[in-house]
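Bear in mind the structure is a predicted one, so any value in this text is a computation, not a measurement.
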Amino acid sequence: MTEVQLYPSFGYPIARGSLWRIQVQGRICQNTAPSLAKRWLLRGLIRALELDEETANSPLFNDRIHGFLVSPIPRERIHVSIANQMYVLPRKSKSSGLFQCKIDLPRRQLEAFRSHGLNPAEAPSEQPCTIDWGDGTVQVTSPVFLAEETGVSVISDIDDTIKLTDVCSRRKMLRRTFTEPFEPIEGVAEIYQEWAQHGALFHYVSSSPWQIYDSLHAFLASNNFPMGSMHLKWFRLRDELFKKWAIIRRKSKSGVISSMLKRMPKRHFILIGDSGEKDPEMYGKIASKFPKQVIRICIRQIDANPLDATRLQKIYKRYGMTVPIQVYSHAKQLGSTPT
């Protein structure tokens with residue numbers, strides 16, 4: 001059976017506002033029995049996490065691991081419908097099954113679509129992605145969030161910023177990722193919703209695996225976080241077993257965030273993360289390169305690796321940045337407005 005995912009994305013104006021450039025991203029896979037190699041790796045993960053038989057056979061664990069076990073469909077041609085217009089993506093799906101590209105649409109086309117009563121911040125709110133396949137077609141939908149030329153975008157981390165993950169402990173991180181219900185950080189969803197009501201647009205940029213996107217999307221929805229574009233990281237199951245996850249995580253977000261700031265040079269950005277890994281240093285470096293765009297940096301304090309005065313001073317000295325870094329322990333300290 002063919003499985004298709006279309007991930008929440010965003011669009012931004014180009015050509016002096018006459019066009020919208022829409023980011024399209026998703027994955028296409030075949031739900032077949034996992035190969036012998038994947039079954040061997042799965043058994044290794046179960047042993048590494050010391051899972052009992054009941055947990056290893058639980059619906060939650062099998063749901064979280066599902067995206068790692070399906071067979072990707074490479075080199076597939078993707079058709080996407082946006083504002084009632086069909087487009088053929090110029091790039092076929094990768095060996096991982098992931099597909100990603102940009103589509104430029106005339107502004108008048110989306111303006112006509114907005115006139116049907118959709119929220120301007122989300123128009124077009126639901127976009128069907130139709131996949132040509134040998135035994136038929138598969139249709140899925142996902143929102144595209146339009147970022148006007150000016151405004152405020154909030155770039156938020158996920159792990160230990162909006163949900164508990166314990167990234168400072170590899171074993172705890174893996175158990176929380178694969179075997180435990182996701183637990184929200186108290187008060188963050190309420191603050192984010194207040195910011196969204198003030199016009200902020202959200203982009204969730206994380207090193208969490210694309211393979212658990214469905215679980216993350218359900219977590220955001222069930223805990224009333226404002227929806228936004230999603231930007232995750234691709235992993236292989238063996239990366240977890242051979243302890244490469246932490247190394248990959250540190251390299252995965254900076255380029256995505258910098259690219260977003262370059263694409264939307266007149267928007268203001270708020271960067272939110274935690275002190276557990278390298279968010280403060282990464283955000284400080286980005287702020288030094290984009291001093292007119294980054295207006296606020298917020299870092300949730302993690303006791304296992306706190307952002308103390310010495311660490312904070314090193315960041316300011318190294319990058320010569322002028323944007324203040326707000327260190328907070330509870331979401332209420334962020335305030336009810338984004339700026």
In the structure I gave you, are the side-chain heavy atoms of Leu271 and Ile299 within less than 4.5 Å of one another anywhere?
no
With a 4.5 Å heavy-atom cut-off, do Ser156 and Ile162 have their side chains touching?
yes
Leu201/Phe10 under side chain to side chain contact (heavy atoms under 4.5 Å, CB included): CA gap, chis, key distance, verdict
CA-CA 10 Å; Leu201 191 64; Phe10 73 103; 5.5 Å; no
Nearest 0.5 Å please: distance from the CD1 atom of Ile14 over to the OH atom of Tyr12.
6.5 Å
Taking C-beta and beyond as the side chain, do Ile286 and Phe269 meet within less than 4.5 Å on heavy atoms?
no
Walk me through whether Thr165 and Lys172 qualify under side chain to side chain contact (heavy atoms under 4.5 Å, CB included).
CA-CA 7 Å; Thr165 307; Lys172 289 182 179 179; over 6 Å; no
Electrostatic pair Lys266-Glu149, nearest N-O below 4.0 angstrom
yes
Could you check whether any side-chain N or O of Asn223 sits under 3.5 Å from a backbone N or O of Pro184, counting only pairs where one atom can act as donor and the other as acceptor?
no
Do Phe219 and Phe225 have their ring centres less than 6.0 Å from each other?
yes
Value for CG (Asn57) from CG (Leu51), rounded to nearest 0.5 Å, stands at 10.0 Å
Under 6.0 Å from the NZ atom of Lys94, do we count more than 12 heavy atoms belonging to anything else shown?
no
Walk me through it: do Ser18 and Arg107 pass the test side chain to side chain donor-acceptor pair (under 3.5 Å)?
CA-CA 5 Å; Ser18 63; Arg107 176 176 283 270; over 6 Å; no
Side-chain donor-acceptor contact under 3.5 Å, Asp52 with Thr55
yes
Any side-chain heavy atom of His66 within less than 4.5 Å of one from Phe68?
no
Mind running side chain to side chain contact (heavy atoms under 4.5 Å, CB included) on Gln211 and Arg64 for me, showing each step along the way?
CA-CA 8 Å; Gln211 290 95 324; Arg64 298 280 174 85; over 6 Å; no
Is there a donor-acceptor pair under 3.5 Å between the side chain of Glu281 and the backbone N or O of Lys314?
no
For the side chain of Asp160 and the backbone of Val167, is there at least one donor-acceptor N/O pair under 3.5 Å apart?
yes
Could you list all the salt bridge (charged side-chain N to carboxylate O under 4.0 Å, His left out) pairs where at least one residue sits in residues 8-22, not counting sequence neighbours?
Arg21-Asp104
Asp274 side, atom CG; Glu277 side, atom CD - distance, nearest 0.5 Å
7.5 Å
Over 60° means perpendicular and under 30° means parallel, so tell me whether Tyr213 and Trp210 are parallel, tilted or perpendicular.
tilted
Under a 3.5 Å distance rule, please check whether Gln85 uses its side chain to pair with a backbone N or O of Ile82 as donor and acceptor.
no
Between Phe202 and Trp195, what is the ring plane arrangement, given parallel below 30°, perpendicular above 60°, and tilted in between?
parallel
Side-chain (Ser95) to main-chain (Pro74) donor-acceptor, under 3.5 angstrom
no
What residues form a side chain to side chain donor-acceptor pair (under 3.5 Å) with Asn31, not counting sequence neighbours?
Glu3
Could you give me the CA-CA distance, side-chain angles and deciding distance for His231 and Ser229, then say whether side chain to side chain donor-acceptor pair (under 3.5 Å) is met?
CA-CA 7 Å; His231 311 266; Ser229 63; 2.8 Å; yes
Would you call Ile257 and Met282 a side-chain contact if the rule is heavy atoms closer than 4.5 Å?
yes
Find the distance between CD1 (Ile28) and CZ (Arg77) and round it off to the nearest 0.5 Å.
12.5 Å
Just checking, Lys163 and Phe182: is the charged tip under 6.0 Å from the six-membered ring centre and within 45° of the axis?
yes
Without swapping roles, check the side chain of Arg27 against the backbone of Gly67 for a donor-acceptor pair under 3.5 Å.
yes
Whether the side chain of Lys292 engages the backbone of His268 through a donor-acceptor N/O pair (distance < 3.5 Å, no angle test) should be reported.
no
Is any side-chain heavy atom of Arg311 closer than 4.5 Å to one of Asn305?
yes
Worked verdict on Val205 versus Asp157 for side chain to side chain contact (heavy atoms under 4.5 Å, CB included):
CA-CA 5 Å; Val205 181; Asp157 182 36; over 6 Å; no
Atom pair OH/NZ of Tyr319 and Lys289 - distance to nearest 0.5 Å:
9.0 Å
Quick check against the 3.5 Å criterion: does Arg75 have a side-chain atom that pairs as donor or acceptor with the backbone of Ser93?
no
Side chain of Ser259, backbone of Gly255: donor and acceptor closer than 3.5 Å?
no
Hey, are Asp159 and Ser208 close enough side-chain-wise for a donor-acceptor pair under 3.5 Å?
yes
Got a sec: does the CZ of Arg91 have more than 12 other heavy atoms crowding it under 6.0 Å?
no
Sidechain N-carboxylate O distance under 4.0 Å for Arg171, Glu50
yes
Linking I/L/V/M/F/W/Y whenever their side-chain heavy atoms sit closer than 4.5 Å, directly or via other members, would Ile325 and Ile302 fall into one cluster?
no
What's the separation between atom OG in Ser258 and atom CZ in Arg263, rounded to the nearest 0.5 Å?
11.0 Å
Do the numbers put Arg296 on top of the ring of Tyr283, so that NZ or CZ is under 6.0 Å from the six-membered ring centre and no more than 45° off the axis?
no
Contacts satisfying salt bridge (charged side-chain N to carboxylate O under 4.0 Å, His left out) that involve residues 178-189 (not counting sequence neighbours) are Arg176-Glu180, Arg176-Glu183
